[in-house]
Amino acid sequence: MLKKQLIPLTVMAVLSLWITFGLPVPIEVHFSVRIMMCIAALYPMFAAWTKLKTLDKIILTTTAIIYNPIFLIQLGSGLAWGTVALLLLIYSFTRMLSRGIA
């Protein structure tokens, strides 16, 4: 069940990488991706809070804080944003492929 709930986070991490390192796009696109990434991180927390491990809760909460659209956190460069998105992509793939998740 948690595997399905991590799919939006995986898709948004790929989109964030593509927007960060792809063709130049308006700032509105970056802001839209930021909103969608925050929602994608919040979704598994609300849908499966009891099934999440402590590390999952920490990673998803940190992701929601970093990508929140209200109190904008600036990481400085595209490389920093790309690194965060790549780490989230690796996290979501490893969690979806692990056998310990229902």
| Is there a donor-acceptor pair closer than 3.5 Å between any side-chain N or O of T61 and the backbone N or O of I58? | no
| Is the shortest heavy-atom distance from the side chain of Y67 to the side chain of L72 under 4.5 Å? | no
| What is the minimum heavy-atom distance between C38 and N68, and which atoms define it? | SG-CA, 3.8 Å
| Side chain to side chain, I19 and L17, heavy atoms closer than 4.5 Å | no
| query | In terms of hydrophobic clustering (I, L, V, M, F, W, Y; side-chain heavy atoms under 4.5 Å; direct or indirect links), are L86 and L75 co-clustered? | reply | yes
| message | Would you say I66 ends up clustered with I27 if hydrophobic residues are merged whenever their side chains have heavy atoms under 4.5 Å apart, either directly or through other cluster members? | response | no
| field | Co-membership, hydrophobic cluster, residues L9 and W49, 4.5 Å side-chain | value | yes
| said: Would you say Y91 ends up clustered with I39 if hydrophobic residues are merged whenever their side chains have heavy atoms under 4.5 Å apart, either directly or through other cluster members? | reply: no
| task | Would you confirm whether the ring centroid of F21 sits within less than 6.0 angstrom of the ring centroid of W81? | result | no
| field | Donor-acceptor pair, side chain of R34 and main chain of S16, under 3.5 angstrom | value | no
| Rounded distance [0.5 Å steps], CE in M37 versus CG in L15 | 8.0 Å
| task | Quick one: do D56 and K51 satisfy side chain to side chain contact (heavy atoms under 4.5 Å, CB included)? Show the steps, please. | result | CA-CA 10 Å; D56 294 331; K51 293 182 181 183; over 6 Å; no
| request: Enter the distance from Q5:CD to F46:CZ here, rounded to the nearest 0.5 Å. | output: 12.5 Å
| Is there a chain of hydrophobic side chains (I, L, V, M, F, W, Y, each step under 4.5 Å between heavy atoms) that links L55 to L42? | yes
| side chain to side chain contact (heavy atoms under 4.5 Å, CB included) between V14 and M12, worked out | CA-CA 5 Å; V14 169; M12 290 312 304; over 6 Å; no
| message | Tell me the closest heavy-atom pair linking M96 and L6, and the distance in Å. | response | CG-CB, 3.9 Å
| field | Intermediate values then yes/no, side chain to side chain contact (heavy atoms under 4.5 Å, CB included), K53 and R95 | value | CA-CA 11 Å; K53 297 179 180 180; R95 291 299 288 144; 4.0 Å; yes
| T62 OG1 to L87 CG distance, which is reported to the nearest 0.5 Å | 12.0 Å
